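What follows is a set of notes on a single structure, which appears directly below.
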Amino acid sequence: MTAMSVELEIRPVKRRDFLFVATRAVAAVGTALATWPLIDNMNPDASVLSYSSVEVDLRPIAEGQRITVRWRGGPVFIDHRDPARIAQAQADDTSPGLIDPAADSSRVKNPAWLIIIGVCTHLGCIPLGQSDQEPRSEFDGWFCPCHGSKYDTSGRVRHGPAPRNLNVPSYEFKSPDVVRIG
Ligand code: FES
């Protein structure tokens, strides 16, 4: 695999589960995604995995908006949390209703940006709640339509059967406006 850079400009697309924004994939990430099942079976080393990253321009994402990007063939939710959501997430740190207790601060690098893998930790459905038109949990988070799990504004599970919080992928802010996932 070469280190050739590839620019992918993806226009917003109306689909049930994915709202894509412009992303910039680096170094043959498209190839890595297309061959993911094969790579997964081969248990790739770090040099292969390092190509499986995507950069997201955060500037078009309005405060309060949630968008989904594709990473390693699956959805990653990015929530540009407004102050009310941030306050709620932090206030719930000590809630007795947490099934998988974790402080909100341990799940974000910037409180304004929650970045989580959009796959239910029960059996892998994609939770709803990315748009205002979709049902959300009463915790203003996500609702899994398969078996009813509910997540809060930090992506923490508040109602099962899901056993764990929505996972946080590896990511870093390359600048205040650009995040690199993977
Ligand atoms: S897959 Fe989400 S609750 Fe079962």
Side-chain angles (χ1 to χ4, degrees), residues 1-13 15-62 65-81 89 100 102-131 141-142 144 151 153-157 162-182:
M1 191 176 295
T2 71
M4 178 180 67
S5 293
V6 178
E7 291 273 336
L8 297 178
E9 291 294 332
I10 305 172
R11 295 176 183 278
V13 176
R15 289 181 57 185
R16 181 172 177 273
D17 296 324
F18 293 96
L19 172 64
F20 293 101
V21 296
T23 60
R24 186 161 68 99
V26 180
V29 66
T31 301
L33 291 175
T35 58
W36 172 247
L38 175 62
I39 291 173
D40 192 32
N41 287 336
M42 294 172 66
N43 191 19
D45 63 20
S47 65
V48 174
L49 286 175
S50 69
Y51 291 114
S52 302
S53 61
V54 62
E55 290 183 6
V56 183
D57 181 356
L58 301 173
R59 290 172 298 179
I61 308 172
Q65 185 180 10
R66 293 170 174 170
I67 64 98
T68 304
V69 298
R70 186 189 296 271
W71 175 64
R72 294 184 177 176
V76 172
F77 295 166
I78 299 178
D79 184 356
H80 189 179
R81 303 191 300 186
D100 181 14
D104 182 65
S105 61
S106 72
R107 297 177 51 76
V108 296
K109 295 183 178 180
N110 176 339
W113 296 101
L114 176 68
I115 300 173
I116 48 178
I117 294 175
V119 176
C120 182
T121 59
H122 180 221
L123 293 177
C125 291
I126 298 176
L128 302 174
Q130 284 294 87
S131 75
W142 293 265
C144 183
Y151 299 90
T153 51
S154 189
R156 294 171 296 205
V157 62
R164 299 186 317 279
N165 303 330
L166 294 176
N167 291 305
V168 177
S170 61
Y171 69 90
E172 65 174 339
F173 286 95
K174 298 200 71 179
S175 75
D177 295 325
V178 176
V179 66
R180 181 183 182 123
I181 302 169

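The model shown is predicted, which means the values in this text are computed figures rather than measured ones.
When every heavy atom of P75 is checked against every heavy atom of T68, the shortest pair comes out as CB-CG2, 3.6 Å. Summarising the geometry of I116 relative to V168, their closest heavy-atom pair is CG2-CG2, 4.2 Å, with the distance given to 0.1 Å. For the residue pair C120 and P127, the shortest heavy atom distance occurs at N-CD, 3.8 Å.
With hydrogens and angles ignored, the 3.5 Å screen pairs no side-chain donor or acceptor of R107 with any backbone N or O of N165. With S53 contributing its side chain and G182 its backbone, the two residues share no donor-acceptor pair below 3.5 Å.
When side chains are defined from C-beta on, E55 does not count as touching I181, because their heavy atoms never get closer than 4.5 Å. Proximity of T121 to N167: side-chain heavy atoms (C-beta onward) are separated by under 4.5 Å at one or more points. Here the side chains of I126 and W142 are not in contact, with every heavy-atom distance at 4.5 Å or above. Contact check for V76 versus I115: side-chain heavy atoms found under the 4.5 Å cut-off.
For the atom pair CG of D177 and CG of L58, the computed distance is 6.5 Å after rounding to the nearest 0.5 Å. Once rounded to the nearest 0.5 Å, the distance linking CD of Q65 with CD of Q130 reads 9.5 Å. Between the CZ atom in R180 and the CD atom in E172 there is a gap of 7.0 Å [rounded to 0.5 Å]. In this structure, the separation between CH2 on W113 and CD1 on I61 is 4.5 Å, given to the nearest 0.5 Å. Here the CD1-CH2 distance, from I117 to W71, works out to 5.0 Å after rounding to the nearest 0.5 Å.
In this structure, K109 forms no cation-pi arrangement with F173, as its terminal cationic atom is not both closer than 6.0 Å to the ring centre and no more than 45° off the ring axis.
The existence of a salt bridge linking D79 and R66 is confirmed by a sub-4.0 Å separation between a basic side-chain nitrogen and an acidic carboxylate oxygen. Using a cut-off of 4.0 Å between Lys/Arg side-chain N and Asp/Glu carboxylate O, R81 and D104 are scored as salt-bridged.
For the side chain to side chain contact (heavy atoms under 4.5 Å, CB included) with V179, the qualifying choice from V56, V69, V54 is V56, the only one to do so.
Residues satisfying the salt bridge (Lys or Arg N to Asp or Glu O under 4.0 Å) test with R156, not counting sequence neighbours, are D93, D152.
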